[in-house]
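Only one structure is covered here, and it is reproduced in the block below.
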There are 2 protein chains.
Amino acid sequence: MRYDKGHKDTTRRHILEVASRQFREGGIAAVGMAGLMSRAGLTNGAFYTHFASKEALVRDALVDALEESVGKIEAAIESGAGLEGFIRDYLSPRHRDNPGRGCVAAALAAEVSRHPAATRGAFTDKFEEVVALIATHIPVGGSEAKRRKALGIYGLLIGTVQLARVVSDKRLSDELLTNGLHAALQLMGA
Amino acid sequence: MRYDKGHKDTTRRHILEVASRQFREGGIAAVGMAGLMSRAGLTNGAFYTHFASKEALVRDALVDALEESVGKIEAAIESGAGLEGFIRDYLSPRHRDNPGRGCVAAALAAEVSRHPAATRGAFTDKFEEVVALIATHIPVGGSEAKRRKALGIYGLLIGTVQLARVVSDKRLSDELLTNGLHAALQLMGA
DNA sequence: TGTACATCAGTGAACGCGCGTTCACTGATGTAC
DNA sequence: TGTACATCAGTGAACGCGCGTTCACTGATGTAC
C-alpha cells in the first residue's frame, strides 16, 4: 500500500509519544525496541526508517517531554492558577502516581546523566527554556533573583516527587508531597 | 584451598562495596553480574554463594549506601561543621562529579521506584533513619517542624544534584549547586 | 492508453551479544574412627 | 597414626532469553514514455 501525505510524520510522532511515555514509566534501559514498536502497532524493522538509533529516539523523546512541561506551565498560567497552581499539580498524588504522563526530569534525570553528551545537550537546551519560563512567573524579585528561585524550586520539585515515588510507605509519601509544597511556596515567595 | 574464619563475610562485604559503587555510577540495570564479580576479583558463579539473586544484592547495597549517608552526616556533626557543613559537601562539585561514592538517593531513587516492594521497603526503612538524623540537627523549630524541614531539604538536595549532573553546561551546573545551597540554608533556617 | 520502472513505509527473520542464573566440578582442610 | 569421608568457597562452561540493529523483501502507488 501507499500512504497519505504526512503519514510518515504521523507515524513518527506516534512512535515518539509511545516511547516518551514508556521511558518515563519504566526507565530508558528497560524499554526494548521490539516491545516499543509492537505497542505502537508496527514491527521492529520499521523503527529505523524513522530514527537513526535508540539514542536518537531518546534524544527526541526527552525534548518532546520537556516541551510537554512547557505546555503544562503555560496552561496553568492561562487558566489563572498561576505558577502556584502548576506547583500544586506537580506535587499532587496524581502526578506521583502517573510518571508516564508526568515530568521527564523527575522520571529520568539520573538516567539521562549517564547518556552521551549529545543527548544531555539536547536535554539541557530545553531545560533552560523551562527554567526561564518558570522564572518569568515568579511573583517577586529582580530577574536574577527570579532565575535563582526557579532553579531552586525545580530541584526541590523533582527530588521530592522522586522520593515520594520510591518510598513504600504511603503516609510518608504523602507527607513528602505536602512538605514539598510548603517548601516550594516558601522558596517562591521569599 | 580452605579459607580463614570470617573469609566468606569479608568476601561478601567486598562484593557489596563494589556493587554499591557500580550501581551508583552506572545505574542498577547497567551493571552485569559477570562484570561485577570480575571487578571484585571473583568469577560469576561465586556470586550465588553470597546472595540469592541480583535483586537481593540491590537491596543490601541500597541499605549499605544509605548507612554511608548516616555516617557522613554524623561525621559532619562531630567535626563541628554541623548540618550546614554536610549540606555544603552535598552540593559541592566533588559530590556531583563522584556519584559512585555519593548519595544513593540522588543516584538511584528514580530507578529504585521501579523495583519490587521488598527492595523499596528496605530502602524506605533506612531512608526514615536518615531523615530522622537530619531532623535532629536542624537548629530551630519544634520536633515536627524539624522533620518537615528535613524532608524538604532532602528533596531539594537530591533533585539539585541530579540536575547538576544531567546538564551538559558546566556554568549552569555550578549555578544549580550554588542556588541549591542558598535554598537549602533558607529552608533550614526559616 | 498501456506498460515498465521507481518510490518507499513497513515486514519479519536473522545477526552477534550480554544478560541472570544453574550446576557439575575442584581442591584444600576438618572430622571420625 | 592413617585413611575415608564431609565440608564449602570458588570455578567456569552452559542454559534460555531478549537486546539493538541489519537487510532482503513486499506491495501499493506514482511517474515516464
Side-chain angles (χ1 to χ4, degrees), chain A residues 1-62 108 111-112 114-116 118-119, chain B residues 1-62 108 111-112 114-116 118-119:
Chain A
M1 65 205 123
R2 255 284 169 98
Y3 303 89
D4 303 350
K5 192 169 184 288
H7 169 88
K8 196 181 178 186
D9 240 50
T10 305
T11 304
R12 196 191 125 95
R13 279 227 60 80
H14 180 58
I15 296 170
L16 212 46
E17 272 159 31
V18 173
S20 167
R21 187 168 178 183
Q22 298 242 108
F23 286 157
R24 281 176 278 179
E25 269 172 8
I28 297 166
V31 176
M33 309 310 299
L36 168 68
M37 290 302 282
S38 143
R39 280 233 189 177
L42 294 161
T43 51
N44 53 349
F47 175 79
Y48 293 88
T49 68
H50 296 283
F51 300 93
S53 62
K54 183 183 182 183
E55 197 58 40
L57 169 69
V58 168
R59 203 157 55 238
D60 289 359
L62 291 173
L108 301 174
E111 186 167 6
V112 174
R114 299 165 194 128
H115 275 249
T119 305
Chain B
M1 66 204 121
R2 257 282 170 97
Y3 303 89
D4 300 351
K5 193 167 184 288
H7 169 87
K8 197 180 177 186
D9 240 50
T10 306
T11 304
R12 197 191 124 94
R13 279 227 61 79
H14 180 57
I15 295 171
L16 211 46
E17 272 160 30
V18 172
S20 168
R21 185 167 180 183
Q22 298 242 108
F23 286 157
R24 282 178 276 178
E25 268 171 10
I28 297 165
V31 176
M33 307 311 298
L36 168 68
M37 290 303 282
S38 142
R39 280 233 188 177
L42 294 162
T43 52
N44 54 347
F47 176 78
Y48 293 88
T49 68
H50 295 283
F51 300 93
S53 63
K54 183 183 182 182
E55 198 58 40
L57 168 68
V58 168
R59 202 156 58 238
D60 289 358
L62 291 173
L108 301 174
E111 186 168 7
V112 173
R114 298 166 195 126
H115 276 249
T119 305

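Proteins come first, then strands; the chains are lettered A, B, ... in the order of their sequence lines, and each starts at number 1. Note: hydrogens, waters and symmetry copies are ignored here, and every other heavy atom, side chains too, is used.
Put simply, CE on B/Met33 is 14 Å from P on D/dT11, counting in whole angstrom units. The nearest whole Å value for the distance from the NE2 atom in A/His14 to the C1' atom in C/dG10 is 14 Å. One interatomic measurement links the two molecules: CG of B/Leu36 to C1' of C/dG18, which rounds to 15 Å at whole-angstrom precision. Atom CD in B/Gln22 sits about 15 Å away from atom C1' in C/dC19, given to the nearest Å. Here the C1' atom of nucleotide C/dA14 and the CZ atom of A/Phe47 are 19 Å apart, to the nearest Å. When the P atom of C/dT22 is taken as reference, atom CE of B/Met37 falls 14 Å away, rounded to whole Å. Between A/Leu57 atom CG and D/dT21 atom C1' the separation is 14 Å, expressed in whole Å. Put simply, NZ on A/Lys54 is 8 Å from C1' on D/dC19, counting in whole angstrom units.
Nearest approach of A/Leu36 to A/Ile15, heavy atoms of both residues: CD1-O, 4.5 Å.
Salt-bridge check for A/Glu55 with A/Arg59: failed, with every basic side-chain N at 4.0 Å or more from each acidic carboxylate O. A salt bridge links B/Arg21 with B/Glu25: the closest approach of a Lys/Arg side-chain nitrogen to an acidic carboxylate oxygen falls below 4.0 angstrom.
The closest donor-acceptor contact from the side chain of A/Glu111 to the backbone of A/Gly27 lies at 3.5 Å or more, if one exists at all. At distances below 3.5 Å, not a single donor-acceptor pair connects side-chain atoms of A/Lys8 with backbone N or O atoms of A/His50.
B/Gly45 comes within 4.0 angstrom of a nucleotide base, judged by non-hydrogen atoms across all strands.
Along DNA chain D, the nucleotide closest to B/Asn44 and the one closest to A/Ile28 are compared, and the more 5′ of them pairs with B/Asn44.
Side chain of A/Ser53, nearest nucleotide from D/dT11, D/dT21, C/dG20: D/dT21. The side chain of A/Tyr48 lies closest to D/dT21 when the candidates are C/dG10, D/dG10, D/dT21.
For C/dG30, the paired nucleotide is D/dC5, the pair qualifying as Watson-Crick or G-U wobble because both relevant distances are below 3.5 Å. Base pairing of C/dC25: its partner is D/dG10, meeting the Watson-Crick or G-U wobble criterion (both donor-acceptor distances under 3.5 Å). When Watson-Crick and G-U wobble pairs are counted only if both distances are under 3.5 Å, D/dC19 pairs with C/dG16.
Contact annotation: B/Thr11 side-chain N/O to D/dA9 OP1/OP2 distance is not under 4.0 Å.
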